Amino acid sequence: MNKIELLAPAGNLEKAKIAILYGADAVYIGGKQFSLRSRASNFSLGEIKELVDFANAHHSHVHVTVNMLPHEDDLDGLEEYLKKLDEIGIHAIIVASPSIMMLAKRLNVSYQVHVSTQHSSTNSKAVSFWKEKGMDRVVLARECQMEQIEEICKKNILPIEVFIHGGMCISYSGRCVLSNHMTLRDANRGGCAQSCRWKYHLIDSNREVSDPHNLFSMSSKDLQAVDFIESFIKMGVASLKIEGRMKSSYYLATVVSSYRRLIDSIYENGYASKDIIEQTKREIAKAENRMTGPGFYKGIPDEKVQLYQDHDETVTQEYVAYVLDYDTDSNFATLQVKNHFVPEGTFEIFGPHIVSTKVYIGSVYDDKDQLVDICNKPMQIVKTKWSGPIEKYAMIRKIR
């Protein structure tokens, strides 16, 4: 049996490389055309080629989202784009429109065609339909419950992909038109304004029932499925998908590495121990900026899985430095400052091969060898004498 795939999002080339370095078996990205998440930086064809080369060198795959629901004037250049992706050597496209799926198959491309969650596939009959159409994988709707996923997997029709982490849609996934109605930004063409997270005055018969000082919203808590990973592995799910092409490199490194270690531990020991479950949850919480819940995996969500107030995302500032290099002869580490921190204190380092470990950072010097009392210039390059675990691409954060 193939080991389950850990699939991570990436909004630009830097984030994609970080996700791969921190343990993703595959990354999914959007091109400049035909992709949702229009506010993500997204990839030019040249950047997609660079990423494919990088992924191949690290035994990872690249999936490209071609998941918008196109209107007539969105189709120009589609065939050429699909052919170019084939020339570049990507491994799969994730598609919502049946016309694009069938076009890719008619073009006889070498990459796989995966049915997007936008199609809300919730049962084995839908999966069988997509198999008849020649598709290679189905990303199930986020509204599926555990028992339903298990029943679908038992039939072994096509490889199944499920979401395990990230944002949830307040509407049936992919079928919300609030953004279109309120802002003329089409959610299914890459322009979702996330109207569900806005703050509203809730009126009943001309009487306001919302708290005017803490207005109403209808946002869902983010999904966090740490407790269900062992079950997904035993069901035979093919791929575990993290949501968040708009998220930061630090968020991706934290979440991807946490799930990576959990998955590897389950395969090594045959089960998920209580210790690894709790450790994974603690690690992920260090990068979370919204409250989380189980989505639909414990049944139909009740009010406890919604955020009717206090839903705003909080900006985490724990991530303070990125390891650019380390000189084993001098024991000096070269760091890039990410957020304000004061040297001469205890911090935490984690990396592609380093589990979170406390470290002491002493005196810090700038590129002119001048002592730096406060590191408060983002992107500044500094160096410091280092003792403890360290590796290139590691990240340093404050201890909460």
Side-chain angles (χ1 to χ4, degrees), residues 2-38 40-68 77-96 100-101 103-105 107-118 135-139 159-166 190 238-249 251-253 255-257 259-260 263 352 393:
N2 292 332
K3 191 172 183 179
I4 203 165
E5 176 186 81
L6 180 60
L7 177 59
N12 60 35
L13 190 57
E14 175 199 354
K15 294 175 184 178
K17 290 181 177 180
I18 286 291
I20 290 171
L21 289 169
Y22 275 77
D25 298 302
V27 292
Y28 65 98
I29 64 171
K32 297 290 187 183
Q33 298 171 283
F34 313 110
S35 173
L36 300 186
R37 288 303 189 199
S38 60
S41 299
N42 289 334
F43 290 68
S44 66
L45 290 171
E47 289 171 327
I48 295 175
K49 177 64 170 67
E50 181 179 343
L51 178 58
V52 168
D53 292 342
F54 182 87
N56 288 338
H58 290 81
H59 310 290
S60 295
H61 289 173
V62 176
H63 302 179
V64 176
T65 58
V66 190
N67 58 347
M68 73 175 342
L78 175 61
E79 183 171 329
E80 292 77 12
Y81 181 68
L82 294 177
K83 288 178 179 177
K84 190 62 180 178
L85 291 179
D86 199 25
E87 293 173 15
I88 288 172
I90 69 162
H91 302 88
I93 56 173
I94 306 168
V95 190
I100 297 178
M101 296 179 199
L103 174 59
K105 288 299 181 180
L107 293 173
N108 197 30
V109 295
S110 57
Y111 51 75
Q112 293 188 354
V113 179
H114 297 174
V115 180
S116 170
T117 191
Q118 298 294 113
M135 300 306 112
D136 302 290
R137 181 189 290 184
V138 174
V139 188
I160 295 298
E161 180 175 306
V162 300
F163 280 89
I164 59 168
H165 204 89
S239 181
L240 302 176
K241 187 171 194 171
I242 298 167
E243 183 275 340
R245 278 195 278 155
M246 301 294 293
K247 296 293 190 179
S248 68
S249 295
Y251 175 93
L252 288 175
V255 173
V256 169
S257 62
Y259 279 108
R260 174 79 276 151
I263 292 166
Y393 312 118

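Quantities reported herein were computed from a predicted structural model and do not represent experimental measurements. Only heavy atoms go into these numbers, but all of them, side chains included; no hydrogens, no water, no symmetry mates.
For the pair His61/Ile90, no side-chain contact is recorded, criterion being any heavy-atom separation below 4.5 Å from C-beta on. Taking the side chain as every heavy atom from C-beta outward, Val162 and Lys241 never approach each other to under 4.5 Å. Between Leu85 and Val109, the closest side-chain pair of non-hydrogen atoms is not below 4.5 Å. In this structure, the side chains of Val95 and Val115 stay at 4.5 Å or more apart for every pair of heavy atoms. Taking the side chain as every heavy atom from C-beta outward, Lys105 and Asp136 approach each other to under 4.5 Å. Residues Leu240 and Tyr259 have side chains not in contact (no heavy-atom distance under 4.5 Å, counting atoms from C-beta outward).
Here the side chain of His58 pairs a donor or acceptor atom with the backbone of Phe54 at under 3.5 angstrom. A donor-acceptor pair under 3.5 Å is formed between the side chain of Tyr28 and the backbone N or O of Ile242. Between the side chain of Thr65 and the backbone N or O of Asn67, no donor-acceptor pair lies under 3.5 Å.
In this structure, the ring of His63 has its center less than 6.0 angstrom from the ring center of His114.
Identified under the salt bridge (Lys or Arg N to Asp or Glu O under 4.0 Å) test for residues 13-24, with sequence neighbours left out: Lys17-Glu50.
Here the closest non-hydrogen pair linking Leu51 and Phe43 is CD2-CE2, 3.9 Å. Across all their heavy atoms, Glu5 and Ser239 have their closest contact at OE1-OG, 2.6 Å. Taking all atoms of both residues into account, the shortest heavy-atom contact from Pro159 to Arg137 is O-CG, 3.2 Å. Nearest approach of Tyr111 to Leu82, heavy atoms of both residues: OH-O, 2.9 Å. What you find for Ile29 and Arg245 is that their closest heavy atoms are C-NH1, 3.9 Å. Here the closest heavy-atom approach between residue Ala238 and residue Ile4 is recorded as O-CG1, 3.6 Å.
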Could you pull out all donor-acceptor pairs under 3.5 Å where a side-chain atom in residues 19-26 meets a protein atom, sequence neighbours excluded?
| from | atom 1 | to | atom 2 | distance (Å) |
| --- | --- | --- | --- | --- |
| Tyr22 | OH | Tyr393 | O | 2.6 |
| Asp25 | OD1 | Arg260 | NH1 | 3.3 |
| Asp25 | OD2 | Leu6 | N | 2.8 |
| Asp25 | OD2 | Arg260 | NH1 | 3.0 |

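When each of Ile93, Leu45, Asp86 is checked for a side chain to side chain contact (heavy atoms under 4.5 Å, CB included) with Tyr81, only Leu45 meets the rule.
Ser116 OG to Glu161 CD: the interatomic distance, rounded to the nearest 0.5 Å, is 9.0 Å. Note: Ser257 OG to Leu252 CG = 10.0 Å, rounded to the nearest 0.5 Å.
Residues Lys84 and Glu87 are paired through a salt bridge, judged by an N-O separation under 4.0 Å between the basic side chain and the carboxylate.
Between His165 and Tyr251, the ring planes lie tilted relative to each other; the angle falls in the 30° to 60° range.
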- [ ] Start with the C-alpha gap between Gln112 and His91, add the side-chain angles, then the distance that decides, and say whether side chain to side chain contact (heavy atoms under 4.5 Å, CB included) holds.
- [x] CA-CA 6 Å; Gln112 293 188 354; His91 302 88; over 6 Å; no
- [ ] Take Ile94 and Val66 through the side chain to side chain contact (heavy atoms under 4.5 Å, CB included) test and state the conclusion after the steps.
- [x] CA-CA 6 Å; Ile94 306 168; Val66 190; over 6 Å; no
